[in-house]
Amino acid sequence: MNAPERTQSFLLDEDTGELKIVYTADTKVTNAGTFRFNKEDHTVGNLFRMQLLRDPSVRFAGYLHPHPLVYFIDLKIQTNNSTVAPVEVLSAAIDDLSNETDHLMTQFQEACEEWKRTNDTEVSGNF
Amino acid sequence: MAPHEMRFILSETDTSVANTLRRIMIGEVPTLAIDLVEFHENSSVLNDEYIAHRLGLIPIRYQPVDSMKGQDCNGAFLPHRECVCYERCPRCSVEFELDVAFDEANTFRSEEELMAPLTITSKDLKSNNENVIPAHFLSQDEQDESQDAGVAIVKIGPGQRLKLKAIARMGIAKEHAKWCPVAIATYRFWPNITINEEQIATLTMEQKQEMVDVCPDKILEIDDVTGSIKAVDDAWDRCTYTEDLQEFQQSIKKRKEDDDFVTVEAAEDKFIFTVESTGVMDADEIVISALRVLKDRLNYLAQEVENIKDM
(Lines give C-alpha, C1' and ligand atoms only; values in the text may rest on other atoms or scores of the structure.)
Protein backbone atom coordinates (compact mmCIF):
# COMPACT_ATOMS: atom_id res chain seq x y z
CA MET A 1 0.00 0.00 0.00
CA ASN A 2 1.77 3.12 -1.14
CA ALA A 3 -1.14 5.54 -1.00
CA PRO A 4 -0.17 8.79 0.69
CA GLU A 5 -1.95 9.70 3.91
CA ARG A 6 -5.05 11.70 3.13
CA THR A 7 -4.26 14.15 5.89
CA GLN A 8 -1.03 15.09 4.12
CA SER A 9 -2.98 17.48 1.94
CA PHE A 10 -3.95 19.83 4.72
CA LEU A 11 -2.03 19.05 7.91
CA LEU A 12 1.55 20.19 8.37
CA ASP A 13 3.93 17.31 8.90
CA GLU A 14 4.90 17.54 12.56
CA ASP A 15 7.56 14.84 12.41
CA THR A 16 9.74 16.83 10.03
CA GLY A 17 8.87 20.16 11.65
CA GLU A 18 7.41 21.51 8.45
CA LEU A 19 6.82 25.26 8.42
CA LYS A 20 3.76 26.88 6.90
CA ILE A 21 5.71 29.43 4.89
CA VAL A 22 9.36 29.32 3.82
CA TYR A 23 10.86 32.37 2.15
CA THR A 24 13.86 32.24 -0.18
CA ALA A 25 15.24 35.47 -1.57
CA ASP A 26 16.26 35.40 -5.22
CA THR A 27 20.02 35.10 -5.66
CA LYS A 28 20.25 37.04 -8.91
CA VAL A 29 17.58 39.71 -8.68
CA THR A 30 17.20 42.06 -5.75
CA ASN A 31 13.71 42.71 -4.35
CA ALA A 32 12.47 39.35 -5.59
CA GLY A 33 11.82 36.10 -3.77
CA THR A 34 9.84 32.91 -3.57
CA PHE A 35 7.42 31.97 -0.83
CA ARG A 36 6.72 28.30 -0.37
CA PHE A 37 3.28 27.81 1.19
CA ASN A 38 3.07 24.27 2.52
CA LYS A 39 -0.34 22.58 2.41
CA GLU A 40 -1.90 25.15 0.12
CA ASP A 41 -3.22 24.91 -3.41
CA HIS A 42 -4.93 26.92 -6.15
CA THR A 43 -7.54 28.14 -3.69
CA VAL A 44 -5.09 30.50 -2.03
CA GLY A 45 -2.47 30.63 -4.79
CA ASN A 46 -4.63 32.19 -7.45
CA LEU A 47 -6.27 34.47 -4.91
CA PHE A 48 -2.90 35.91 -3.83
CA ARG A 49 -1.56 36.17 -7.36
CA MET A 50 -4.51 38.17 -8.64
CA GLN A 51 -4.49 40.42 -5.60
CA LEU A 52 -0.73 41.06 -5.93
CA LEU A 53 -1.06 41.91 -9.61
CA ARG A 54 -3.45 44.70 -8.67
CA ASP A 55 -0.70 46.29 -6.57
CA PRO A 56 1.16 48.94 -8.68
CA SER A 57 4.43 48.28 -6.84
CA VAL A 58 4.49 44.63 -7.95
CA ARG A 59 6.37 43.90 -11.15
CA PHE A 60 5.86 40.16 -11.16
CA ALA A 61 3.67 37.75 -9.24
CA GLY A 62 3.08 34.14 -10.18
CA TYR A 63 2.47 30.86 -8.47
CA LEU A 64 3.30 27.26 -9.20
CA HIS A 65 1.52 24.15 -7.99
CA PRO A 66 3.77 21.41 -9.35
CA HIS A 67 1.42 18.44 -9.12
CA PRO A 68 -1.95 17.62 -7.54
CA LEU A 69 -0.20 15.22 -5.15
CA VAL A 70 2.49 17.73 -4.17
CA TYR A 71 1.02 19.74 -1.35
CA PHE A 72 2.69 23.10 -1.64
CA ILE A 73 2.66 26.14 -3.85
CA ASP A 74 5.54 28.41 -4.75
CA LEU A 75 4.59 32.07 -5.00
CA LYS A 76 7.17 34.25 -6.71
CA ILE A 77 7.07 38.00 -6.23
CA GLN A 78 9.24 40.73 -7.68
CA THR A 79 8.64 44.34 -6.71
CA ASN A 80 9.36 47.48 -8.72
CA ASN A 81 12.20 48.84 -6.62
CA SER A 82 14.33 47.89 -3.67
CA THR A 83 12.45 50.16 -1.24
CA VAL A 84 9.58 47.66 -1.10
CA ALA A 85 10.27 44.10 0.00
CA PRO A 86 8.21 41.18 -1.37
CA VAL A 87 7.16 40.33 2.18
CA GLU A 88 5.56 43.72 2.57
CA VAL A 89 3.48 43.56 -0.59
CA LEU A 90 2.36 40.05 0.31
CA SER A 91 1.34 41.14 3.77
CA ALA A 92 -0.57 44.10 2.31
CA ALA A 93 -2.30 41.80 -0.20
CA ILE A 94 -3.42 39.44 2.57
CA ASP A 95 -4.76 42.36 4.61
CA ASP A 96 -6.76 43.62 1.62
CA LEU A 97 -8.19 40.17 0.99
CA SER A 98 -9.07 39.80 4.63
CA ASN A 99 -11.00 43.08 4.50
CA GLU A 100 -12.72 41.98 1.32
CA THR A 101 -13.79 38.73 2.99
CA ASP A 102 -15.26 40.70 5.90
CA HIS A 103 -17.10 42.88 3.44
CA LEU A 104 -18.41 39.85 1.56
CA MET A 105 -19.60 38.29 4.79
CA THR A 106 -21.63 41.34 5.86
CA GLN A 107 -22.99 41.87 2.36
CA PHE A 108 -24.03 38.23 2.15
CA GLN A 109 -25.76 38.30 5.51
CA GLU A 110 -27.58 41.52 4.60
CA ALA A 111 -28.72 40.01 1.31
CA CYS A 112 -30.05 36.94 3.16
CA GLU A 113 -31.94 39.17 5.63
CA GLU A 114 -33.31 41.21 2.76
CA TRP A 115 -34.49 38.07 1.02
CA LYS A 116 -36.22 36.86 4.15
CA ARG A 117 -38.01 40.20 4.56
CA THR A 118 -39.28 40.31 0.98
CA ASN A 119 -40.23 36.63 0.87
CA ASP A 120 -42.03 36.70 4.18
CA THR A 121 -42.31 32.95 4.59
CA GLU A 122 -40.49 31.14 7.33
CA VAL A 123 -39.36 28.16 5.30
CA SER A 124 -38.55 25.52 7.81
CA GLY A 125 -35.31 23.68 7.35
CA ASN A 126 -36.56 20.30 8.36
CA PHE A 127 -34.59 17.68 6.55
CA MET B 1 -33.43 30.43 -2.06
CA ALA B 2 -34.71 27.49 -0.05
CA PRO B 3 -33.13 25.86 2.99
CA HIS B 4 -31.27 23.36 0.88
CA GLU B 5 -30.60 25.41 -2.20
CA MET B 6 -29.77 29.00 -3.01
CA ARG B 7 -28.63 31.28 -5.74
CA PHE B 8 -26.90 34.58 -5.31
CA ILE B 9 -25.07 37.14 -7.37
CA LEU B 10 -21.54 38.07 -6.46
CA SER B 11 -20.40 41.29 -8.10
CA GLU B 12 -17.52 43.77 -8.20
CA THR B 13 -14.91 41.16 -7.62
CA ASP B 14 -12.49 38.96 -9.48
CA THR B 15 -12.73 35.41 -10.79
CA SER B 16 -10.03 34.44 -8.30
CA VAL B 17 -12.30 35.36 -5.38
CA ALA B 18 -15.30 33.57 -6.90
CA ASN B 19 -13.23 30.48 -7.52
CA THR B 20 -11.72 30.53 -4.05
CA LEU B 21 -15.19 30.68 -2.54
CA ARG B 22 -16.34 27.79 -4.72
CA ARG B 23 -13.29 25.66 -3.94
CA ILE B 24 -13.64 26.24 -0.20
CA MET B 25 -17.33 25.31 -0.26
CA ILE B 26 -16.50 22.05 -2.01
CA GLY B 27 -13.37 21.08 -0.14
CA GLU B 28 -12.82 22.88 3.13
CA VAL B 29 -16.06 23.53 4.99
CA PRO B 30 -16.05 21.30 8.08
CA THR B 31 -19.01 18.97 8.59
CA LEU B 32 -19.85 15.83 10.54
CA ALA B 33 -19.73 12.36 9.05
CA ILE B 34 -19.44 8.83 10.42
CA ASP B 35 -15.77 7.99 10.52
CA LEU B 36 -15.40 4.98 12.81
CA VAL B 37 -17.69 1.98 13.06
CA GLU B 38 -17.56 -0.80 15.67
CA PHE B 39 -19.42 -3.90 14.57
CA HIS B 40 -20.91 -6.08 17.27
CA GLU B 41 -22.90 -8.33 15.03
CA ASN B 42 -23.34 -8.36 11.31
CA SER B 43 -25.10 -11.28 9.71
CA SER B 44 -26.43 -9.26 6.77
CA VAL B 45 -25.44 -9.94 3.18
CA LEU B 46 -23.04 -6.99 3.06
CA ASN B 47 -19.63 -7.17 4.69
CA ASP B 48 -18.49 -4.82 7.45
CA GLU B 49 -16.40 -2.53 5.27
CA TYR B 50 -19.21 -2.09 2.79
CA ILE B 51 -21.65 -1.07 5.51
CA ALA B 52 -19.07 1.21 7.16
CA HIS B 53 -18.60 2.99 3.84
CA ARG B 54 -22.33 3.40 3.35
CA LEU B 55 -22.68 4.79 6.87
CA GLY B 56 -19.93 7.30 6.14
CA LEU B 57 -21.85 8.71 3.21
CA ILE B 58 -25.00 9.45 5.21
CA PRO B 59 -25.29 13.22 5.68
CA ILE B 60 -25.21 14.02 9.40
CA ARG B 61 -26.99 17.22 10.29
CA TYR B 62 -26.16 19.50 13.18
CA GLN B 63 -29.38 21.25 14.14
CA PRO B 64 -29.78 22.63 17.67
CA VAL B 65 -33.12 21.57 19.12
CA ASP B 66 -34.53 25.09 19.38
CA SER B 67 -33.44 26.02 15.85
CA MET B 68 -35.04 25.28 12.51
CA LYS B 69 -31.77 25.69 10.67
CA GLY B 70 -29.13 23.13 9.91
CA GLN B 71 -26.11 24.95 11.24
CA ASP B 72 -22.40 25.14 10.88
CA CYS B 73 -20.97 22.58 13.30
CA ASN B 74 -17.76 24.57 13.78
CA GLY B 75 -17.62 25.84 17.34
CA ALA B 76 -20.04 23.20 18.56
CA PHE B 77 -17.45 20.51 17.86
CA LEU B 78 -13.72 20.26 17.66
CA PRO B 79 -11.78 18.48 14.93
CA HIS B 80 -10.74 15.22 16.61
CA ARG B 81 -7.05 15.88 15.97
CA GLU B 82 -7.19 19.14 17.90
CA CYS B 83 -9.19 17.77 20.82
CA VAL B 84 -7.26 17.18 24.04
CA CYS B 85 -9.14 14.01 24.95
CA TYR B 86 -7.40 10.65 24.98
CA GLU B 87 -9.45 8.85 22.34
CA ARG B 88 -12.75 10.57 21.85
CA CYS B 89 -15.20 12.64 23.84
CA PRO B 90 -18.56 14.39 23.33
CA ARG B 91 -16.67 17.53 22.28
CA CYS B 92 -15.15 15.97 19.22
CA SER B 93 -17.46 13.09 18.34
CA VAL B 94 -21.05 11.88 18.28
CA GLU B 95 -21.96 8.24 18.83
CA PHE B 96 -24.74 6.44 17.03
CA GLU B 97 -26.16 3.08 18.05
CA LEU B 98 -27.82 0.78 15.59
CA ASP B 99 -29.39 -2.52 16.51
CA VAL B 100 -31.93 -4.13 14.22
CA ALA B 101 -32.79 -7.81 14.21
CA PHE B 102 -35.20 -9.13 11.63
CA ASP B 103 -37.02 -11.46 13.99
CA GLU B 104 -37.51 -8.81 16.67
CA ALA B 105 -38.66 -6.15 14.21
CA ASN B 106 -41.04 -8.61 12.61
CA THR B 107 -43.35 -8.65 15.61
CA PHE B 108 -44.38 -5.09 14.70
CA ARG B 109 -45.03 -5.78 11.04
CA SER B 110 -48.25 -6.70 9.30
CA GLU B 111 -49.13 -10.24 8.23
CA GLU B 112 -48.40 -9.90 4.51
CA GLU B 113 -45.04 -8.19 5.13
CA LEU B 114 -43.71 -10.94 7.38
CA MET B 115 -41.45 -12.67 4.89
CA ALA B 116 -40.40 -9.54 2.97
CA PRO B 117 -36.87 -8.30 3.59
CA LEU B 118 -36.49 -5.49 6.11
CA THR B 119 -34.65 -2.34 5.07
CA ILE B 120 -32.37 -0.81 7.66
CA THR B 121 -32.22 2.94 7.11
CA SER B 122 -30.55 5.95 8.68
CA LYS B 123 -33.70 6.32 10.80
CA ASP B 124 -32.53 3.35 12.84
CA LEU B 125 -29.39 5.20 13.92
CA LYS B 126 -29.88 6.39 17.48
CA SER B 127 -27.77 9.42 18.27
CA ASN B 128 -26.36 10.22 21.72
CA ASN B 129 -26.58 13.96 20.98
CA GLU B 130 -30.05 15.36 20.38
CA ASN B 131 -28.66 18.16 18.18
CA VAL B 132 -27.08 15.73 15.75
CA ILE B 133 -29.24 13.51 13.55
CA PRO B 134 -28.91 11.98 10.10
CA ALA B 135 -30.39 14.30 7.46
CA HIS B 136 -33.69 13.04 6.19
CA PHE B 137 -36.44 14.74 4.29
CA LEU B 138 -37.02 18.33 3.34
CA SER B 139 -40.70 18.27 4.25
CA GLN B 140 -43.45 16.03 5.48
CA ASP B 141 -44.81 15.77 1.91
CA GLU B 142 -41.51 14.47 0.66
CA GLN B 143 -41.42 11.93 3.43
CA ASP B 144 -44.94 10.71 2.68
CA GLU B 145 -44.06 10.15 -0.96
CA SER B 146 -40.94 8.19 -0.17
CA GLN B 147 -40.91 4.43 0.16
CA ASP B 148 -38.29 4.35 2.89
CA ALA B 149 -38.04 6.08 6.22
CA GLY B 150 -34.52 7.34 5.56
CA VAL B 151 -31.31 6.56 3.71
CA ALA B 152 -31.24 2.82 3.04
CA ILE B 153 -28.22 1.03 4.50
CA VAL B 154 -28.85 -2.69 4.01
CA LYS B 155 -31.73 -5.15 3.73
CA ILE B 156 -31.95 -8.07 6.11
CA GLY B 157 -33.91 -11.29 6.02
CA PRO B 158 -35.09 -13.86 8.59
CA GLY B 159 -32.52 -14.62 11.28
CA GLN B 160 -30.24 -11.75 10.33
CA ARG B 161 -29.15 -8.98 12.61
CA LEU B 162 -27.07 -5.82 12.43
CA LYS B 163 -25.68 -4.30 15.60
CA LEU B 164 -23.06 -1.60 15.56
CA LYS B 165 -21.78 1.60 17.06
CA ALA B 166 -20.85 4.40 14.69
CA ILE B 167 -18.78 7.43 15.62
CA ALA B 168 -19.24 10.65 13.68
CA ARG B 169 -16.43 13.17 13.67
CA MET B 170 -15.78 16.54 12.13
CA GLY B 171 -13.67 16.73 9.03
CA ILE B 172 -13.23 18.39 5.66
CA ALA B 173 -13.77 17.05 2.16
CA LYS B 174 -10.06 17.33 1.37
CA GLU B 175 -9.65 14.24 3.53
CA HIS B 176 -12.69 12.35 2.26
CA ALA B 177 -15.61 13.38 0.05
CA LYS B 178 -18.09 12.23 2.69
CA TRP B 179 -17.42 15.49 4.55
CA CYS B 180 -18.42 17.59 1.55
CA PRO B 181 -21.43 19.77 2.47
CA VAL B 182 -22.47 20.64 -1.06
CA ALA B 183 -24.08 18.65 -3.85
CA ILE B 184 -23.66 21.57 -6.22
CA ALA B 185 -21.45 24.63 -5.87
CA THR B 186 -20.90 26.42 -9.15
CA TYR B 187 -20.78 29.87 -10.58
CA ARG B 188 -21.51 31.28 -14.02
CA PHE B 189 -20.52 34.58 -15.54
CA TRP B 190 -23.15 37.25 -15.72
CA PRO B 191 -24.07 37.99 -19.39
CA ASN B 192 -23.71 41.60 -20.48
CA ILE B 193 -26.23 42.14 -23.26
CA THR B 194 -25.70 45.33 -25.23
CA ILE B 195 -28.11 46.42 -27.90
CA ASN B 196 -26.96 48.72 -30.66
CA GLU B 197 -30.10 50.84 -31.20
CA GLU B 198 -28.62 52.61 -34.23
CA GLN B 199 -28.00 49.37 -36.05
CA ILE B 200 -31.33 47.87 -35.00
CA ALA B 201 -33.15 50.84 -36.51
CA THR B 202 -31.95 49.77 -39.97
CA LEU B 203 -33.77 46.43 -39.69
CA THR B 204 -37.29 45.64 -40.86
CA MET B 205 -39.84 44.38 -38.38
CA GLU B 206 -39.62 40.85 -39.86
CA GLN B 207 -35.88 40.79 -39.42
CA LYS B 208 -36.25 41.87 -35.81
CA GLN B 209 -38.80 39.17 -35.17
CA GLU B 210 -36.56 36.64 -36.82
CA MET B 211 -33.65 37.72 -34.64
CA VAL B 212 -35.78 37.30 -31.52
CA ASP B 213 -36.85 33.83 -32.62
CA VAL B 214 -33.44 32.61 -33.69
CA CYS B 215 -32.01 32.65 -30.17
CA PRO B 216 -32.66 29.25 -28.54
CA ASP B 217 -32.41 30.77 -25.05
CA LYS B 218 -35.06 33.41 -25.91
CA ILE B 219 -33.12 36.23 -24.32
CA LEU B 220 -34.56 38.93 -26.61
CA GLU B 221 -38.00 40.36 -27.17
CA ILE B 222 -39.49 43.18 -29.24
CA ASP B 223 -40.19 46.33 -27.29
CA ASP B 224 -43.84 47.14 -28.01
CA VAL B 225 -43.40 50.84 -27.26
CA THR B 226 -40.35 51.71 -29.32
CA GLY B 227 -40.48 48.85 -31.81
CA SER B 228 -36.87 48.05 -31.04
CA ILE B 229 -35.31 44.93 -29.51
CA LYS B 230 -34.66 44.57 -25.81
CA ALA B 231 -33.39 41.87 -23.51
CA VAL B 232 -36.02 40.02 -21.47
CA ASP B 233 -36.00 40.57 -17.71
CA ASP B 234 -34.60 37.16 -16.84
CA ALA B 235 -32.14 37.12 -19.75
CA TRP B 236 -29.27 36.65 -17.27
CA ASP B 237 -30.84 33.40 -16.16
CA ARG B 238 -31.65 32.05 -19.60
CA CYS B 239 -28.49 33.05 -21.39
CA THR B 240 -26.10 30.23 -22.27
CA TYR B 241 -23.94 32.15 -24.75
CA THR B 242 -25.11 30.33 -27.86
CA GLU B 243 -23.66 31.28 -31.20
CA ASP B 244 -26.95 31.26 -33.10
CA LEU B 245 -27.52 34.98 -32.58
CA GLN B 246 -24.03 35.79 -33.78
CA GLU B 247 -24.40 33.67 -36.89
CA PHE B 248 -27.74 35.16 -37.73
CA GLN B 249 -26.42 38.67 -37.37
CA GLN B 250 -23.58 37.96 -39.77
CA SER B 251 -26.09 36.74 -42.36
CA ILE B 252 -28.29 39.83 -42.26
CA LYS B 253 -25.52 42.45 -42.10
CA LYS B 254 -25.24 44.65 -45.18
CA ARG B 255 -21.51 44.93 -44.87
CA LYS B 256 -19.24 42.55 -43.01
CA GLU B 257 -17.52 45.28 -40.99
CA ASP B 258 -20.78 46.70 -39.63
CA ASP B 259 -21.25 46.69 -35.87
CA ASP B 260 -23.19 43.84 -34.31
CA PHE B 261 -26.85 44.51 -33.54
CA VAL B 262 -26.74 42.70 -30.24
CA THR B 263 -23.66 41.57 -28.37
CA VAL B 264 -23.66 39.11 -25.50
CA GLU B 265 -20.49 39.01 -23.46
CA ALA B 266 -19.54 37.37 -20.19
CA ALA B 267 -18.96 39.92 -17.43
CA GLU B 268 -15.60 39.52 -15.72
CA ASP B 269 -16.66 40.85 -12.37
CA LYS B 270 -20.15 39.50 -11.80
CA PHE B 271 -21.04 35.89 -11.01
CA ILE B 272 -24.19 33.87 -10.53
CA PHE B 273 -23.60 31.29 -7.82
CA THR B 274 -25.68 28.16 -7.33
CA VAL B 275 -25.25 26.26 -4.07
CA GLU B 276 -27.16 23.12 -3.22
CA SER B 277 -26.63 21.41 0.10
CA THR B 278 -26.47 17.66 0.73
CA GLY B 279 -28.60 18.25 3.82
CA VAL B 280 -25.84 18.58 6.42
CA MET B 281 -26.57 22.29 6.80
CA ASP B 282 -28.56 25.02 5.11
CA ALA B 283 -27.15 26.50 1.93
CA ASP B 284 -26.67 30.00 3.33
CA GLU B 285 -24.81 28.52 6.29
CA ILE B 286 -22.42 26.82 3.90
CA VAL B 287 -21.54 30.12 2.23
CA ILE B 288 -21.06 31.88 5.55
CA SER B 289 -19.00 28.98 6.83
CA ALA B 290 -16.85 29.08 3.67
CA LEU B 291 -16.21 32.79 4.13
CA ARG B 292 -15.29 32.16 7.75
CA VAL B 293 -12.86 29.42 6.72
CA LEU B 294 -11.28 31.81 4.22
CA LYS B 295 -11.08 34.57 6.81
CA ASP B 296 -9.39 32.28 9.35
CA ARG B 297 -6.97 31.05 6.73
CA LEU B 298 -6.01 34.59 5.71
CA ASN B 299 -5.51 35.63 9.32
CA TYR B 300 -3.33 32.59 9.91
CA LEU B 301 -1.24 33.28 6.81
CA ALA B 302 -0.98 36.98 7.68
CA GLN B 303 0.44 35.94 11.05
CA GLU B 304 2.93 33.59 9.41
CA VAL B 305 4.02 36.35 7.01
CA GLU B 306 4.56 38.66 9.99
CA ASN B 307 6.83 36.02 11.51
CA ILE B 308 8.91 35.95 8.34
CA LYS B 309 9.22 39.73 8.40
CA ASP B 310 10.72 39.58 11.86
CA MET B 311 13.34 37.02 10.90
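In the text below, chain A, chain B and the rest are named by the order of the sequence lines, each starting its count at 1.
For the set A/Asp95, A/Leu97, A/Leu19, the entry with the most heavy-atom pairs within less than 4.5 Å of chain B is A/Leu97. For the options B/Arg297, B/Glu28, B/Arg292, heavy-atom pairs under 4.5 Å to chain A are most numerous at B/Arg297. For chain A, the option among B/Ile172, B/Asn307, B/Ile24 with the highest count of heavy-atom pairs below 4.5 Å is B/Ile172.
A heavy-atom distance below 4.5 Å is found between the side chains of A/Leu104 and B/Val17. Here the side chains of B/Leu301 and A/Glu40 are in contact, with some heavy-atom distance below 4.5 Å. Taking 4.5 Å as the limit, some side-chain heavy atom of A/Asp41 sits within range of a side-chain heavy atom of B/Arg23. Counting heavy atoms from C-beta outward, A/Cys112 and B/Met6 have side chains that approach closer than 4.5 Å. Proximity of A/His42 to B/Asn19: side-chain heavy atoms (C-beta onward) are nowhere separated by under 4.5 Å.
In B/Glu268, the CD atom is not crowded: 12 or fewer heavy atoms of neighbouring residues, nucleotides or ligands sit closer than 6.0 Å. The 12-atom threshold is not exceeded at CZ of B/Arg91, counting heavy atoms of other residues, nucleotides or ligands nearer than 6.0 Å. Atom CD of A/Glu5 has 12 or fewer heavy atoms from other residues, nucleotides or ligands within 6.0 Å. Counting non-hydrogen atoms of other residues, nucleotides and ligands closer than 6.0 Å to NE2 of B/His176 gives a total above 12. Within a 6.0 Å sphere centred on CG of A/Asn81, other residues, nucleotides and ligands contribute more than 12 heavy atoms.
Shown here for A/Ile21 and B/Val305, the closest heavy-atom pair between the two residues is CD1-CG2, 3.8 Å. Here the shortest heavy-atom pairing between B/Ser16 and A/Leu47 reads O-CD1, 3.9 Å. When all heavy atoms of B/Asp284 and A/Phe108 are compared, the pair lying nearest together is O-CE2, 3.6 Å. Nearest heavy-atom pair, B/Glu304 versus A/Lys20, reported as atom, atom and distance to 0.1 Å: OE1-CB, 3.6 Å. Considering every non-hydrogen atom in both B/Lys309 and A/Ser91, the closest pair reads NZ-OG, 3.4 Å.
Looking only at distances, no side-chain donor or acceptor of A/Thr101 sits under 3.5 Å from a matching main-chain atom of B/Lys295.
Separating the NZ atom in B/Lys174 from the NZ atom in A/Lys39 is a distance of 9.5 Å, to the nearest 0.5 Å.
With a 4.5 Å cut-off on non-hydrogen atoms, B/Arg22 does not touch chain A at all. Contact annotation for B/Leu10: only side-chain heavy atoms (C-beta onward) come within less than 4.5 Å of a heavy atom of chain A. Of the atoms belonging to A/Arg49, not a single heavy atom falls under 4.5 Å from chain B. The part of B/Asn299 that comes within reach of chain A is its side chain, from C-beta onward, which places non-hydrogen atoms under 4.5 angstrom from that chain. With a threshold of 4.5 angstrom between heavy atoms, A/Gln51 does not approach chain B through any atom at all. Only the side chain of A/Leu11 comes within less than 4.5 Å of a heavy atom in chain B; its backbone stays farther off. Of the atoms belonging to A/Gln109, it is side-chain heavy atoms, and not backbone ones, that fall under 4.5 Å from chain B.
The side-chain contact (heavy atoms from CB on, under 4.5 Å) with A/Glu100 is formed by just one residue from the set B/Leu294, B/Leu298, B/Asp14, B/Thr13; it is B/Thr13.
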